[in-house]
Amino acid sequence: MKGEKSFTVRAYQRAARTISRLPSEATDMLARGEDLTEISGIGKAIADKTAELVDTGRLGFLDRLIAEFPPGIPALMDVPGLGLKTTLRVWKELGVTDLDQLEAAIETGALAALPRMGRKSADNILRAVQFSRSKSNRLPISRALAVTRQLTAAILERCSEVDRVIPCGGVSRFDEEVEEIVLACVTSKPKSVLGAASSLPGFAALLVTRDSESTIEFESGVRVTIHVVDPATQGAAILYLIGNSGHVQLLGQRAAEQGFELSERGLADISTGVLETFAGEESLYDRLEMPFIRPEERLGGNEITQAVSGDLSKLVTLEDVKSDLHAHTDWSDGRDEMAAMVREAKGRGLEYIAITDHSSGRGIANGLSLERLLAHMAAVKEVEREVGGIKVLRGTEMDIRADGSVDYSDDLLRELDWVVASIHSAMGQESSVMTERIITAMNNPHVSAIGHLSTRLIGERKPIEADYDAIFRAAAETGTALEINGSLERLDLKDARVERARKLGAMLVITTDAHTTESLGNLEYGVKVARRGLCRVDDILNTMPADKFIFWLKLDKRSRIVSSSGHD
DNA sequence: GCCGTTTTCGGCCCGACTGTTTTCAGTCG
């Protein structure tokens, strides 16, 4: 906006990305006396600024920069459809410096009157403004889990009296977004723990405090309630803190049928009034003569009936999944080398992995040109030999263009073992166009699976509009698998759509969309979604052992349809 | 702002898509 060289901006963006993906924290590296300029993409200027941030928690350069602009400008830039040029223009030419003024400028037609603007652009921006207004201030699960991990470590570090910190509430239930973070501290000295809450890093205010709980707000706006629970009787307390309320209510009914009253203290015998306490949730479920139910399945639906009948125990587990079929390396926009990714996958016990770097359409993601794809394919086989003990499939994540055509030719695709086709552009198409586009891609005989079908980013980007049922049916007919993308930002397909797709006969795969070795762990999240979609082993293609899967891949796509669905 | 075994200055920055235009500017990923 200041008219400086775009390369300067890019240098900062690249450095920020590099730092966020470092295998160790920059703070720790500086503490160890390491020189950040040795990292590619970080020179003297950015290393100095990083050091200032680490030392003082502030950056004078950034503070001065922010002071040069009206405070509403960043929010304007965040509106999809408003980029650098248009933001600058509405500010300088129309005097618009916040969302309200922008909305007014659209209503008077002032925005549409700007050069190269028009009715349609203005309408799109208006819709985007309304969406950014409606955006909840809830935390997406990816952020909530990260904050939970940080807080857990900080509490354990500061309070030696705490035996364990147990995540509760929406985070433990794996809700897509949560209002607040709920933590249970297992301790026999509650006072000292609640007293220490205000010393947590980033603490802003104490909102509520009671005997056994404190609700605090952090500078980031995140709200956290910390409960203290007694180790000897924590079972029922944790159950209540995890919820959800519907699930707890149903458990209460089951308890009543067996002559107990369930409370956060334990089970009281209705006839004698004697209270039985539990040191853990497992023993409580056990006492109610039923299997333990994982927090993410406590939805207040019919999970208790399903657990008792044994149906929940038939659902797919992480151990059942034999491979990852969506992973990036530093050939495109991944952080780590192919060999490192494959070694990590092997270390996690996978039998096979497909390396699916981006296709040429993803220019900025360093997508692979035809020539580089050929080299990539050779590299895959080389890494397979080098690492050993794990099959490595030659793959791609290829763009589905606006008209349903794809980036690579049939002749090239034929040479690949596994082809994921995904939408990364023109996400605002009208439903019928979008549906047609995706079905066209599925009709390609070489497209093995559709990646992150809805393209949503939780809390950030709405899913595409399409006739999902038609897509699920076409997936079943064409033998195209649908992905349950376990990346925390996506979780796409989502649970309800997984269930629907399965019922309509579509084949499913669980993948990580990993861009780093650590994120190969996303498989765990994909499994949670699959379980909520009531998937069993047979519903998930990559539960097949390597040999069987590779044999199956050699079949003509339309004859690949496996016996899935219909077990309801 | 970063980088460099030919370079310490001059490259780096791609391609699809939309909506506006009659040839392309702006946005996005």
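Reminder, nothing fancy here: chain letters follow the sequence lines and each chain counts from 1.
Rounded to whole Å, atom C1' of dC2(B) lies 15 Å from atom CD of Glu4(A). Look at CG on Leu84(A): it is 10 Å from P on dC28(B), rounded to the nearest Å. The distance from atom NE2 of His358(A) to atom C1' of dG15(B) is 14 Å, rounded to the nearest whole Å. With rounding to whole Å, Ile400(A) atom CD1 is found 17 Å from dG15(B) atom C1'. Rounded to an integer number of Å, the gap from CD1 of Ile423(A) to P of dA16(B) is 16 Å. If you measure from atom CD of Glu460(A) to atom P of dG29(B), you get 10 Å, rounded to the nearest angstrom. Here the P atom of nucleotide dC14(B) and the CZ atom of Arg372(A) are 13 Å apart, to the nearest Å. For the pair His328(A) NE2 and dG29(B) P, the computed distance is 16 Å after rounding to whole Å.
Contacts of Arg32(A) classified as salt bridge (Lys or Arg N to Asp or Glu O under 4.0 Å), with partners at least two apart in sequence or in another chain: Glu34(A). Every residue two or more places apart in sequence or in another chain was checked for a side-chain hydrogen bond (donor to acceptor under 3.5 Å, both in side chains) with Thr27(A), and none qualifies. For the side-chain contact (heavy atoms from CB on, under 4.5 Å) test, residues two or more places apart in sequence or in another chain that qualify with Lys494(A) are Glu176(A), Arg456(A), Arg497(A). Contacts of Phe69(A) classified as ring pair (Phe, Tyr, Trp, His ring centres under 6.0 Å), with partners at least two apart in sequence or in another chain: Trp91(A). Take Arg385(A) and apply the side-chain hydrogen bond (donor to acceptor under 3.5 Å, both in side chains) test, not counting sequence neighbours, and it matches no residue. Under the ring pair (Phe, Tyr, Trp, His ring centres under 6.0 Å) criterion, Tyr408(A) pairs with no residue at all, not counting sequence neighbours.
Atom NZ of Lys391(A) has 12 or fewer neighbouring heavy atoms from other residues, nucleotides or ligands inside a 6.0 Å radius.
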Which atom pairs, donor and acceptor, lie under 3.5 Å between side-chain atoms of residues 139-150 of chain A and protein residues at least two apart or in another chain?
from      : atom 1 : to        : atom 2 : distance (Å)
Thr148(A) : OG1    : Ala144(A) : O      : 2.7

Indicate every side-chain donor-acceptor pair of residues 431-445 of chain A with a distance under 3.5 Å to a residue at least two apart or in another chain.
from      : atom 1 : to        : atom 2 : distance (Å)
Ser432(A) : OG     : Glu430(A) : OE2    : 3.3
Thr435(A) : OG1    : Ser431(A) : O      : 2.7
Thr435(A) : OG1    : Asp467(A) : N      : 2.9
Arg437(A) : NE     : Arg401(A) : O      : 2.8
Arg437(A) : NH1    : Ser425(A) : O      : 3.3
Arg437(A) : NH1    : Ala426(A) : O      : 2.8
Arg437(A) : NH1    : Gln429(A) : OE1    : 2.9
Arg437(A) : NH2    : Ile400(A) : O      : 2.9
Arg437(A) : NH2    : Ser425(A) : O      : 3.0
Thr440(A) : OG1    : Glu436(A) : O      : 2.7
Asn443(A) : OD1    : Arg558(A) : NH2    : 3.2
Asn443(A) : ND2    : Ile439(A) : O      : 3.2
Asn444(A) : OD1    : His446(A) : N      : 2.7

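The separation of dG26(B) from dT20(B), taken at their C1' atoms, amounts to 10 Å, rounded to a whole angstrom. Spacing of C1' atoms, dT7(B) relative to dC12(B), comes out at 14 Å, to the nearest Å. Between the C1' atoms of dG11(B) and dT6(B), the separation comes to 14 Å (whole Å). Rounded to the nearest Å, the gap between the C1' atom of dT23(B) and that of dG29(B) is 25 Å. Taking atom C1' on both nucleotides, dG15(B) is separated from dT22(B) by 22 Å, rounded to a whole Å. Here, dG1(B) and dT5(B) have their C1' atoms 23 Å apart, quoted to the whole Å.
Residues Asp411(A) and Ser409(A) have side chains that never bring a donor and an acceptor to within less than 3.5 angstrom of each other. If you check the side chains of Lys557(A) and Thr480(A), you find a donor sitting under 3.5 Å from an acceptor.
Under a 4.0 Å N-O distance rule, the pair Glu68(A)/Arg64(A) does not qualify as a salt bridge.
Comparing Arg89(A) and Gln429(A), the nucleotide of DNA chain B nearest to each residue sits closer to the 5' end for Gln429(A). Sequence order on DNA chain B of the closest nucleotides to Val79(A) and Ala11(A) puts Ala11(A) first from the 5' end.
The partner of dC14(B), taking Watson-Crick or G-U wobble pairs whose two distances both stay under 3.5 Å, is dG29(B).
Interface residues of residues 37-48 of chain A facing DNA chain B, ordered by number: Ile39(A), Ser40(A), Gly41(A), Ile42(A), Gly43(A), Lys44(A), Ala45(A), Ile46(A); criterion, heavy-atom separation under 4.0 Å. The stretch residues 54-72 of chain A has no heavy atom under 4.0 angstrom from DNA chain B at all.
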Check the interface with nucleotides 20-23 of chain B: list each N/O to N/O pair with the protein under 3.5 Å, or write none.
from    : atom 1 : to        : atom 2 : distance (Å)
dT20(B) : OP1    : Gly118(A) : N      : 3.0
dT20(B) : OP1    : Gly118(A) : O      : 3.3
dT20(B) : OP1    : Arg119(A) : N      : 3.4
dT20(B) : OP1    : Lys120(A) : N      : 3.4
dT20(B) : OP1    : Ser121(A) : N      : 3.2
dT20(B) : OP1    : Ser121(A) : OG     : 3.3

Could you list all N or O pairs between the protein and nucleotides 4-12 of chain B that sit under 3.5 Å apart?
none

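Across all their heavy atoms, Leu520(A) and Thr512(A) have their closest contact at O-CG2, 3.3 Å.
The side-chain tip of Lys322(A) does not point at the ring of Phe549(A) from less than 6.0 angstrom away and within 45° of straight on.
Neither OP1 nor OP2 of dT18(B) sits under 4.0 Å from any side-chain N or O of Asn124(A). Of the side-chain N and O atoms in Ser425(A), none sit less than 4.0 angstrom from OP1 or OP2 of dG15(B).
In this structure, the side chain of Lys381(A) engages the main chain of Val392(A) through a donor-acceptor pair within 3.5 Å.
Between dG26(B), dG1(B), dT18(B), one nucleotide has an atom nearer to the side chain of Lys85(A) than all others, and that is dG26(B). The side chain of Arg401(A) lies closest to dA16(B) when the candidates are dC28(B), dG29(B), dA16(B).
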